[in-house]
Engineer: 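Have a look at this one before I ask anything.
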Amino acid sequence: GELQHIETQQTDEPDSSGASQPWRNILRYRQAWGFTLAKFMTDPIWWFYIFWLPKYLIEARHFSIARLQLFGAIPFLAAVPGSIVGGWLSGFLLRRGHSVNFARKTTLLACALLMPTGILAVFSPSPWWALAFVSLSTAAHQGWSANIYTLVSDMFPRKDVASVVGLGGAGGAVGGMIIAPVAGYTLQYFHSYVPLFIIAGVMHPLAMVVLQLLIPRIGTATPPAARVV
């Protein structure tokens with residue numbers, strides 16, 4: 001059903017074929033900015049877990065290299081079913097007759113509200129509970145990611161999807177460039193992972209607020225010049 005939705009979407013629009021819009025036009029869409037800012041705010045959290053979680057488990061949870069090899073991959077394995085469930089949930093809501101706006105945003109909100117569970121990892125007395133909380137957070141992030149990408153094809157004609165996704169990818173890369181030195185300086189000066197896990201836990205809910213402000217309703221993006229003032 002999702003494949004049919006994508007293949008038949010917007011085929012009757014006059015601008016559904018041909019060259020994509022130039023960048024200056026893409027940047028005039030609030031929907032493009034909403035997607036890009038959401039990626040800018042949330043992509044770095046995934047990179048934080050990839051690059052800094054092993055160091056955290058060794059330094060703060062006293063994992064040996066051997067134990068890290070055995071159990072360090074658990075949060076990233078948990079991300080696999082998280083991605084599948086995130087995609088399934090929005091599709092399930094669509095099949096039940098709900099609008100695209102309701103289905104996508106309900107799923108995104110559920111994933112965003114699960115992200116703060118990662119904060120509990122640094123306050124948990126047990127390293128295994130810490131792994132469990134981080135695993136729930138990584139699964140929620142991938143559920144979020146599965147739906148945030150789909151927003152672009154929900155809103156833009158196929159000829160512009162690659163441009164908007166590329167713009168969002170650039171925003172996520174810039175966010176990743178920022179989180180790396182922030183994490184390093186935080187550990188150097190505060191000697192604590194608590195601020196970093198708090199940042200990782202709150203960025204998705206904040207990104208959800210940004211999405212709602214810039215994209216109050218998911219639908220076909222109206223060209224800026226065609227909007228009625």
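Excluded from the calculations below are hydrogen atoms, water molecules and symmetry mates; all remaining heavy atoms, backbone and side chain alike, are included.
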Engineer: Give a yes or no on whether the backbone of Gln21 and the side-chain of Asp160 come within a donor-acceptor separation of less than 3.5 Å.
Structural biologist: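 Confirmed, Asp160 side chain pairs with Gln21 backbone.
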Engineer: Any donor-acceptor pair under 3.5 Å linking the side chain of Thr138 with the backbone of Ser135?
Structural biologist: yes
Engineer: Compare every heavy atom of Trp47 with every heavy atom of Gly176, then report the nearest pair and how far apart it is.
Structural biologist: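 Looking at all heavy atoms of both residues, the closest pair is CA-CD1, 4.5 Å.
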Engineer: Is there a donor-acceptor pair closer than 3.5 Å between any side-chain N or O of Ser124 and the backbone N or O of Ala121?
Structural biologist: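 No; zero donor-acceptor contacts below 3.5 Å.
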Engineer: Can we call the ring centroids of Phe197 and Phe123 under 6.0 Å apart?
Structural biologist: no
Engineer: Can you confirm if the aromatic rings of Phe156 and Tyr29 lie within a centre distance of less than 6.0 Å?
Structural biologist: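 Yes; Phe156 has its ring centre under 6.0 Å from that of Tyr29.
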Engineer: Minimum heavy-atom separation for Pro75 and Leu131, please, with both atom names.
Structural biologist: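 The answer is CG-CD2, 3.8 Å.
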Engineer: Under the 3.5 angstrom rule, does the side chain of Arg30 hit a backbone N or O of Leu213 as a donor-acceptor pair?
Structural biologist: yes
Engineer: Answer with yes or no after comparing the ring centroid distance for Trp46 and Phe51 against a 6.0 Å cut-off, counting only values under it.
Structural biologist: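 No, too far apart.
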Engineer: Under the criterion side chain to side chain donor-acceptor pair (under 3.5 Å), I'd like the reasoning laid out for Ser137 against Tyr49: C-alpha separation, chi angles, the key distance, then a yes or no.
Structural biologist: CA-CA 10 Å; Ser137 185; Tyr49 282 129; 3.2 Å; yes
Engineer: Please answer: with hydrophobic residues joined when any side-chain heavy atoms are less than 4.5 Å apart, are Trp144 and Leu94 in the same cluster?
Structural biologist: yes
Engineer: More than 12 foreign heavy atoms under 6.0 Å from CH2 of Trp129: is that the case here?
Structural biologist: no
Engineer: Could you check Tyr193 against Trp52 for ring pair (Phe, Tyr, Trp, His ring centres under 6.0 Å), going step by step and ending with a plain yes or no?
Structural biologist: CA-CA 10 Å; Tyr193 285 89; Trp52 293 95; 7.3 Å; no
Engineer: Tell me whether Asp43 contacts the main-chain N or O of Gly169 through its side chain, where contact means a donor paired with an acceptor under 3.5 Å.
Structural biologist: no
Engineer: On the six-membered ring of Phe63, is Arg67 placed so that its NZ or CZ lies under 6.0 angstrom from the centre and within 45° of the ring axis?
Structural biologist: yes
